[in-house]
> 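Have a look at the structure that comes next, please.
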Amino acid sequence: MRRVAVLGLALFLAAPTRAVSQDAPNIIEAYNRAKQLVDRAVAAHGGIEALRSARQMRVRFAGDDVWRHQSRAAAPPYDREPHSSELFIDLEKGRLIVDQQRSYPGGIHRSFRFVTDGDKSYFVNHRHRTYTVNDYPRADTQINNLYALPQLILLDVVDSGRRIRPLGRMKLASGAIVDAVVTTTANGPLTVGFHPETGRLHCTFGIADDRVAGVSAGETEFLDYRDLNGVMLPTKRVVSVGGEITEERIYADATPNYRSPDDLVRPPAGYVEFTAPAAMPQVRELAREVWMVGGSSASLVVGFADHLLVVDAPPSSAAATLKQIASLAPGKPIRYVVPTHHHDDHSAGVRAYAGAGAKVVTTAGNKAFLEKIAGTAVEVIAGRRVFSDATRTVEIHDIGRNGHANEMLVAWLPAEGILFGGDVIDATASGIIERGSNNALTQFFDTWVRARQWPVRTYADGHGSVLDSAAFKDLLSRPVLAR
Ligand SMILES: [Zn+2]
């Protein structure tokens, strides 16, 4: 009986395999299927010359940044802030310039220009009125900027020649259906999706390693093509991670056949060169067994008699900080890790600390979010929690709902006069106060602190700045700039 059953199963398995292999394309057929899709797209975009004209183009964008994991609340819907930018592409001269204005929740504004001119490049901070010499890659390899134009994506696909392969019909996390092609361009691997009806480029997509959600779909979609000053461009570009939108850009204006004026690649008049201090120290001791560890993504590490407490857990520096901590205070385990707020640049490192045995401490609104990252239960505090033993006292306080986050903790060390917060001080990591450093969140923080009448001697922030009370006063005396 058993032998018959096994034989029957073998026949059952063999039959469909043979049928499938008869239909399967060989490598030439697979390539031809991909080439059909690419050729159709080139035609739908007006031909190869129309694509090449995007190598000389100026485009103005409007729209929103959608602050996923950077909003006031941990759960969606996420806060939106207006974004405006201008992209100047002049590849004939090896030039690429991006000028952008964006804001974070809580009245924190950024206004930058990134300039690449042949083999020279620099960064402009409009609010500081400074520029800093930099080392950006060549203009024609800056795909993060160039791929704002679907024409330049398609050109790279065409130039990748025989490396294109079809992936078949696929469904995006957004719900859209595309005919997908994968290739390897001069700039690396690339997966694109074509609209089944129009044949136009609909998206680039791939697998993103999201620091909160883990392995997720990452998609950039080009929607509702139209004629804009004689150029076929999408009405908007939507970027999403795991189906959650992170960016919505409107193509507001375009100038084809763009020739960049030489003025554009010079630092704006009146701006001064800013040279950042050579090496940012990775460990700074603020008091005995009180350390700031990790440059501009810092944690406050506080020693108690037989354990440590860590405030803020930036994911980018968590592993290095854990290693540093082991040599700063050998034998003392990290018992608690307290992110100042849920924003992922302050909190997503908790997974590493939880793995090292630390208890994650947060407020009620961030419980679910942090348990998802940490993969374990967290401790919830309401308003205030005091950590104390014979050697040390650290008070953790929620400064309350503000424009940046609904719940936000600060750490106060009364004996040492040290106050640590996250995002509350917008000076540079090396502590330099610039034009535009004062903002609505810093003012909220200052008002809250002054009401406590604490004798603060040192103000420290998770992005690295450490100011004495005179420097903090200087920061607060600066005007708050609108944008
Ligand atoms: Zn934040």
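Atoms within a ligand are numbered from 1 in the order they appear, just like the ligands themselves.
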> What atom name does the N, O or S atom of His343 nearest to the Zn ion (ligand 1) carry?
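That would be atom ND1.
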> Check whether the ring centres of His404 and His341 lie less than 6.0 Å apart, and answer yes or no.
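Under 6.0 Å, so yes.
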> Check Arg60, Arg58, Arg113, Arg110 against Asp99 for a salt bridge (charged side-chain N to carboxylate O under 4.0 Å, His left out) and give me the one that passes.
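With Asp99 as partner, Arg60, Arg58, Arg113, Arg110 yield a single salt bridge (charged side-chain N to carboxylate O under 4.0 Å, His left out), made by Arg113.
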> Determine, stepwise, if the pair Thr185 / Asn187 fulfils side-chain hydrogen bond (donor to acceptor under 3.5 Å, both in side chains).
CA-CA 5 Å; Thr185 75; Asn187 296 310; 4.5 Å; no
> Would Tyr104 and His109 count as a ring pair (Phe, Tyr, Trp, His ring centres under 6.0 Å) if you check the C-alpha gap in whole Å, the side-chain angles of each, and the deciding distance to 0.1 Å?
CA-CA 6 Å; Tyr104 293 86; His109 306 296; 9.7 Å; no
> Check whether any N, O or S atom of Asp423 sits under 2.8 Å from the Zn ion (ligand 1).
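Asp423 does place an N, O or S atom closer than 2.8 Å to the Zn ion (ligand 1).
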> Under 2.8 Å from the Zn ion (ligand 1), can any N, O or S atom of His404 be found?
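Yes - counting backbone and side chain alike, His404 has an N, O or S atom under 2.8 Å.
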